[in-house]
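Just so it is clear, the model here is predicted, and its values are computed rather than measured.
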2 protein chains.
Amino acid sequence: MDNSEKPRGGRPRAFDPDRALDAAMHLFWEHGYEATSLAMLREAMGLTPPQIYNAFTDKETLFRKALTRYHQTEIGFALEALSAPVSTREAIRRLLLGAAEAYSRPGKPGGCLFVSGALAASPQAQAIADELRTYRKASEAAIADRLARGRAVGDLPAGLSVEGFAKYLAGVMNGMSIQARDGASVEELRVLAQTALAALPAEGQNQAASSKE
Amino acid sequence: MDNSEKPRGGRPRAFDPDRALDAAMHLFWEHGYEATSLAMLREAMGLTPPQIYNAFTDKETLFRKALTRYHQTEIGFALEALSAPVSTREAIRRLLLGAAEAYSRPGKPGGCLFVSGALAASPQAQAIADELRTYRKASEAAIADRLARGRAVGDLPAGLSVEGFAKYLAGVMNGMSIQARDGASVEELRVLAQTALAALPAEGQNQAASSKE
DNA sequence: AATTATCCATATCGATCGATACGAAACCTG
DNA sequence: CAGGTTTCGTATCGATCGATATGGATAATT
């Protein structure tokens, strides 16, 4: 679990595993799991196949580590937005605008790795597709949790279905990911996010937790 | 261009090309272009490789024909909704609810082939990915056209950006496609669609776009 | 019946896929 | 330095990829 293993002896590595993992992550992000070949990884990571396999076990493990790294380095905006001490509307606004920015970063592949990584897969890669779906479902569940808290404090109507609304918001983010992949600019994604926000039920008319922010 | 070619002599086909194309389409729909192997196609279509290549040239041509067939047989709801003689809001409502149904048909793969077919692709399959993006862009353009017509007749505020709103709606549909792929039921997709409709600017209060709220 | 054209079935093709065997090289421990 | 351990570079593995060569079979045309 620790990436700074103790070298109990033996020849030291001639490369930086984190840099190599970054290169792999970007390649998977751009081309998806199956369409990214070892030859492409070899070139992008600057490593020989034995180096890759010694450091990352196999292609599937490498991809899973790339997913973890992506989660840590590229989409911190999500947890940040959902846990910020702001109103529910503001939290959702930050979430969607954060996605607009994260899905269209210059020099990075468009969209979200969790969407592009393996939306369709061969039977052999079904486990990878399932893993990505798990990430997407977790994102939706995190949104639902935030909405439920917002409803509990009066930010949202008591009758609102948090699951349904979370599915809408997660769907919008997934759609933004595809629009980003199709070349949408950060400004266009921001407009999309703002438009999506208009579906939020009016807020502020009633709240049990009065001046929250 | 005619699928009932003239048999100017020679041994007749022992299979129905349309049935075979249907099988291929469903396989591409489920697994995407690259992850669908000839071995899978061979089994699903019930044909030998020479039969496939004789009838459909190669894998890429087969996929493009599957795209055309998909467009003709599975997503007629879109053109239908956008060309129906109803209000703009009703047209968009039919579009989104039609997508909810089309993306979750029992016995068919979830989501839209135009999204799942090749969201990420290897460099060799870039042409296929571009083709699918062209289909998606065309859908968005068709929505924008409908919105522009709606705005012209006062269904929508004069200041509304049809391009921006079309990008939102196309994004929502793309997101619905992914939600469907993640197992969302037709009811859940309908709720998502209804939620997305709430972002539509109010209609009917003004025809000349006078009191813009 | 002879000719011509197309399709069918079998057996594979070369290229690429992900993954390794092997032995030399480079570090720690004793 | 000797022993142990790990990574290095080179070469290549078997499996699968998309795609075909080949020759017999079946039809319309002459």
Side-chain angles (χ1 to χ4, degrees), chain A residues 2-21 24 27-28 31-66 117-118 120-128, chain B residues 2-21 24 27-28 31-66 117-118 120-128:
Chain A
D2 193 356
N3 60 349
S4 62
E5 300 284 343
K6 50 185 169 211
R8 216 180 62 249
R11 181 172 177 172
R13 281 222 170 84
F15 62 92
D16 181 352
D18 278 342
R19 286 189 74 87
L21 184 55
L27 213 51
F28 283 131
H31 300 289
Y33 172 66
E34 291 190 281
T36 302
S37 71
L38 258 297
M40 297 161 66
L41 289 167
R42 178 164 50 91
E43 178 171 355
M45 301 169 81
L47 301 178
T48 65
Q51 285 177 306
I52 298 176
Y53 281 88
N54 180 44
F56 303 102
T57 308
D58 57 12
K59 188 187 176 186
E60 182 168 337
T61 304
L62 173 60
F63 182 75
R64 292 179 190 274
K65 291 185 177 178
S122 73
Q124 292 80 15
Q126 195 59 50
I128 292 293
Chain B
D2 192 358
N3 58 353
S4 61
E5 300 284 343
K6 65 279 162 124
R8 213 179 66 248
R11 182 173 175 174
R13 279 221 172 85
F15 62 93
D16 181 353
D18 279 342
R19 286 190 74 86
L21 184 56
L27 213 51
F28 283 131
H31 300 288
Y33 172 66
E34 291 190 281
T36 301
S37 72
L38 258 296
M40 297 161 67
L41 289 167
R42 177 165 50 90
E43 178 172 354
M45 301 169 81
L47 301 177
T48 64
Q51 285 178 306
I52 298 176
Y53 282 88
N54 181 43
F56 303 103
T57 308
D58 58 12
K59 189 187 176 186
E60 181 168 337
T61 304
L62 173 59
F63 182 74
R64 292 179 191 273
K65 292 186 176 177
S122 72
Q124 292 79 17
Q126 195 59 52
I128 293 293

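Look at CG on B/L38: it is 11 Å from P on D/dT20, rounded to the nearest Å. Computed from coordinates, the A/R13 CZ to D/dC8 P distance equals 7 Å when rounded to whole Å. Atom pair A/Q124:CD and D/dT16:P shows a separation of 8 Å (rounding to whole Å applied). Here the P atom of nucleotide D/dG18 and the CZ atom of B/F63 are 13 Å apart, to the nearest Å. Between the CD atom of B/E34 and the C1' atom of D/dT16 there is a distance of 15 Å, given to the nearest Å. Distance B/D16 CG to C/dC7 C1': 16 Å, rounded to the nearest Å. Protein atom CD of A/E60 is 16 Å distant from nucleotide atom C1' of C/dC17, rounded to whole Å. Going from atom NE2 of A/H31 over to atom C1' of C/dG18 covers 18 Å, rounded to whole Å.
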Before you tell me yes or no, could you show the steps for B/I128 and B/E34 under side chain to side chain contact (heavy atoms under 4.5 Å, CB included), namely the whole-Å CA-CA distance, both residues' side-chain angles and the distance that decides it to 0.1 Å? CA-CA 9 Å; B/I128 293 293; B/E34 291 190 281; over 6 Å; no
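Nearest-nucleotide mapping onto DNA chain D: of B/R11 and B/A35, the residue sitting toward the 5' end is B/A35. Mapping B/P12 and B/Y33 onto DNA chain D by nearest heavy atom places B/Y33 at the nucleotide closer to the 5' end.
Counting only heavy atoms from C-beta outward, the side chains of A/D16 and A/L21 never approach each other to under 4.5 Å.
Contact between B/A35 and A/S122 at its shortest, heavy atoms only, is CB-N, 3.3 Å. Residues A/A66 and A/F28 come closest through the heavy atom pair CB-CD1, 4.1 Å.
Less than 4.0 Å separates DNA chain D from at least one heavy atom of each of the following residues of residues 44-54 of chain B: B/P49, B/P50, B/Y53.
Of all nucleotides listed (D/dC17, C/dC8, C/dG18), D/dC17 comes nearest to the side chain of B/A39.
Residue contacts for A/A14: at a heavy-atom cut-off of 4.0 Å it reaches the sugar-phosphate backbone alone, with no base atom in range. Residue-level contact check: B/T36 touches the backbone only, with heavy atoms under 4.0 Å from sugar-phosphate atoms and none from bases. At a threshold of 4.0 angstrom between heavy atoms, the contacts of A/F56 with the nucleic acid are absent.
Looking at B/R64, B/K59, B/K65 one by one, the single match for side-chain contact (heavy atoms from CB on, under 4.5 Å) with B/T61 turns out to be B/K65.
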Enumerate donor-acceptor pairs with a distance under 3.5 Å from any side-chain N or O in residues 41-49 of chain B to protein atoms, sequence neighbours excluded.
| unit_1 | atom_1 | unit_2 | atom_2 | d |
| --- | --- | --- | --- | --- |
| B/T48 | OG1 | B/Q51 | OE1 | 3.3 |

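For the pair B/H31 (side chain) and A/A121 (backbone), a donor-acceptor distance under 3.5 Å is present.
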